[in-house]
Amino acid sequence: REGEAISWHLVEELNRRKVLKGMPVKRVVFNEITKTAVVDAFKHPRELNQELIDAYLARRALDYLVGFTLSPVLWRKLPGSRSAGRVQSVALRLICEREAEIEIFRAQEYWSVDVELDGVETPAFPARLTHLDGKRLDRLDLANEAAAKAAVAAIQDGRRYTVQKIDKKKSRRNPQPPFTTSTLQQEASRKLGFGTSRTMTCAQRLYEGITLAGETVGLISYMRTDGVSMSNEAIGQARNLIASRHGDHYLPSAPRIYKTKAKNAQEAHEAIRPTDFSRTPGEMKSYLSDEDFKLYQLIWMRALASQMESAVLDQVVVDIVVGRGQALLRANGSVVAFDGYLALYQEGKDDEEKDEKDRRLPKLEDGQDLNLRKVTPEQHFTQPPPRYSEASLVKKMEELGIGRPSTYASIVQVLQDRDYVRLDKRRFFPEDRGRVVTAFLSSFFRRYVEYNFTADLEEQLDDISGGRTAWKTVLRQFWDAFSKAVAETKELRISEVIDCLDEELGPHFFPRDENEPGKDPRVCPSCNEGRLGLRLGKTGGFI
């Protein structure tokens, strides 16, 4: 859409200045910036695609209609509010709703029982209690210390610990596709600690390039993309490098072809990859700053690994019966039979936890007797959902079909610049101002901050691009309903706004004291008679 619109704007402007003077104008389109693709594209120019231009005009108009109409409503009704937007406000809602979930969360106690066993010629290994008295234990079944101690006693009283069953199976783990804008931002956050803006600034420098042998050379392909494919030229380079550096057994019999799973993906560009795989990170290090080198290395390794052979893992599950069956212990583990792409690259995780499946287990046999070395009961408490990091927020927005690759970094930055959220220890915390704005929009413009509404609009833009609907029809349908919602707020009194916000934000501003659950949190702490209320100020809400 955007590329087509730029071409259209250029033609309009050049015609206005009478530069073209009736010369024929064609559009040249290529999805990868390689010599072969560019030369081929010039052999097959085409007319401007009016449907893509219409979709661009619709998208721009929708953003203006929402932003320029909603923001003044906020200025009038919520002192100190800065702005609202079609995508920005939905992203803010995600952060605020996650915080509300955390605030109402009540932790529950539960216990686990870990066991350490060994054999005559078998080194020690860990297992966990999974069944007690013939019943499978759910996570919360051992709800207190007394239940945990009873389980420990059952294990210790068993006196005999026998391998009942060993399940082995091979599994293949396939490499991830090369980076898109979204996955690059997520992985740079997880592995390098980079924010979305920092990631895109570094990527821009790598794309613009460095001077090598007197010539400016771009190091990576275009970095604003939702496509996962690589050019045939790049795939050929990657496969040659894999064979020479790692050997033929790390090279699949055929090139890997990836298809995007992202909703509403436009795939106007190929995935983010090195422009030349022979420019290894080691060779480029002396030309790059430390942060640019780290990002280039991440992009290079991910793109190369995407064409490597799958990893093969031997997964093992061992069931150990206690005594006459009063308890069952389970040990999980895996052995990497062939590392494949893992020899070069492994994807990070948002909230990394210790994975039992990655443990190494000794060789065991059916019917083998084992010795009990140690039984350890451990207390836990259920945890609330984690606050969004930049990586997990971008991932969630992509899953919901909200926004586009080029907008993620700016959306995250705008929310911080408006003092709607703050980033603390790489996690988003909503400020009171942000929560008040979200509560207001959810009360009076609920439809327009629904996750599926924003995603459905993106689908309608795709329908315009495909010629299945007219852009002015989409705008008219949107504006008829939206303008009515805006008009209804004009007569809204501040007291009515406060009543709605009070209902939405009560648990945040007036939390109950867990030590005195029966006490009304609205009672004035000074006189014990008056009732506390919510008011609006420049920082959001206050008591």
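Keep in mind it's a predicted model, so treat the numbers as computed, not measured. Residue numbers count from 1 along this sequence. The basis for the numbers below is simple: all heavy atoms, side chains too, and nothing from hydrogens, waters or symmetry mates.
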side-chain contact (heavy atoms from CB on, under 4.5 Å) assessment of I53 paired with E51: CA-CA 5 Å; I53 296 164; E51 289 160 351; over 6 Å; no
Name of the residue among V474, T469, L475 meeting side chain to side chain contact (heavy atoms under 4.5 Å, CB included) with Q460: V474
Note, L313 side chain near R172 side chain (heavy atom, < 4.5 Å): no
Taking every non-hydrogen atom, the tightest pair across R82 and W75: O-NE1, 2.7 Å
Lys NZ or Arg CZ of R435 over F509 ring: under 6.0 Å, within 45°: no
Lys/Arg-Asp/Glu bridge criterion (N-O < 4.0 Å) met for R531, D520: yes
Distance-only side-chain donor-acceptor flag, D54 / Q50, under 3.5 Å: yes
Verdict with reasoning, E458 to R59, per salt bridge (charged side-chain N to carboxylate O under 4.0 Å, His left out): CA-CA 8 Å; E458 293 288 354; R59 196 275 305 156; over 6 Å; no
Donor-acceptor contact below 3.5 Å, side chain S221 vs main chain A271: yes
Y258: partners by side-chain hydrogen bond (donor to acceptor under 3.5 Å, both in side chains), with sequence neighbours left out: none
Side-chain (S71) to main-chain (A84) donor-acceptor, under 3.5 angstrom: yes
Donor on one side chain, acceptor on other, E378 and S112, under 3.5 Å: no
Whether S89 side chain and R86 backbone form a donor-acceptor pair below 3.5 Å: no
Whether Y222 and H269 hold their rings parallel, tilted or perpendicular, with breakpoints at 30° and 60°: tilted
Geometric class of the F445/F440 ring pair [parallel <30°, tilted 30-60°, perpendicular >60°]: tilted
R1 NZ/CZ over Y56 ring centroid, <6.0 Å and within 45° of normal: no
Pairing of R205 and E291 as salt bridge, 4.0 angstrom limit: yes
Donor-acceptor contact below 3.5 Å, side chain R427 vs main chain R387: yes
Side chain Y296, main chain I220, donor-acceptor under 3.5 Å: no
Closest non-hydrogen atom pair between D480 and S483, with its separation: O-OG, 3.3 Å
D432 and H508: side chain donor to acceptor below 3.5 Å: yes
D502 bridged to R522 by N-O distance under 4.0 Å: yes
Heavy-atom closest pair, residues L393 and A91: CD1-O, 4.4 Å
side-chain hydrogen bond (donor to acceptor under 3.5 Å, both in side chains) involving S83 - partner list, sequence neighbours excluded: Q88, R418
Lys/Arg-Asp/Glu bridge criterion (N-O < 4.0 Å) met for R93, E450: yes
Plane angle bin for F482 and W479 - parallel if under 30°, tilted between 30 and 60°, otherwise perpendicular: tilted
Check: V87 main-chain N/O paired with T454 side-chain donor or acceptor under 3.5 Å: no
Over 12 non-hydrogen atoms of neighbours within 6.0 angstrom of CZ in R493: no
Lys/Arg N to Asp/Glu carboxylate O, R273 vs E270, below 4.0 Å: yes
Side-chain (Q416) to main-chain (V412) donor-acceptor, under 3.5 angstrom: yes
Salt bridge (charged side-chain N to carboxylate O under 4.0 Å, His left out) evaluation trace for K484 with E488: CA-CA 6 Å; K484 286 178 185 174; E488 288 170 4; over 6 Å; no
Charged tip of R139 within 45° of Y110 ring normal and under 6.0 Å: yes
Minimum heavy-atom distance between L329 and A127, given as atom pair plus value: CB-CB, 4.2 Å
Residue pair S392 / S389, side-chain donor-acceptor N/O under 3.5 Å: yes
pair L92-C96: side-chain heavy atoms closer than 4.5 Å: yes
S465 versus A55, closest heavy-atom pair with distance: OG-CB, 3.2 Å
Atom of Y448, atom of A485 and distance for their closest heavy-atom approach: CE1-CB, 4.1 Å
Worked verdict on V152 versus V113 for side-chain contact (heavy atoms from CB on, under 4.5 Å): CA-CA 7 Å; V152 170; V113 178; 4.2 Å; yes
Candidate list E390, Q413, Q185, test side chain to side chain donor-acceptor pair (under 3.5 Å), partner T196, passing option: E390
Donor-acceptor pair between R302 and Y345 side chains, under 3.5 angstrom: yes
Check: T181 side chain, M223 main-chain N or O, donor-acceptor pair, under 3.5 Å: yes
F429 six-ring centre to R422 NZ/CZ under 6.0 Å and within 45° of normal: yes
N-O pairing of K135 and D141 below 4.0 Å: yes
Under 3.5 Å donor-acceptor, K77 side chain and I494 backbone: no
E97 (side chain) donor-acceptor with I95 (main chain) under 3.5 angstrom: no
Residues forming a side-chain hydrogen bond (donor to acceptor under 3.5 Å, both in side chains) with W111, sequence neighbours excluded: E109
Working for side-chain contact (heavy atoms from CB on, under 4.5 Å), residues L461 and L457: CA-CA 6 Å; L461 293 175; L457 272 182; 5.6 Å; no
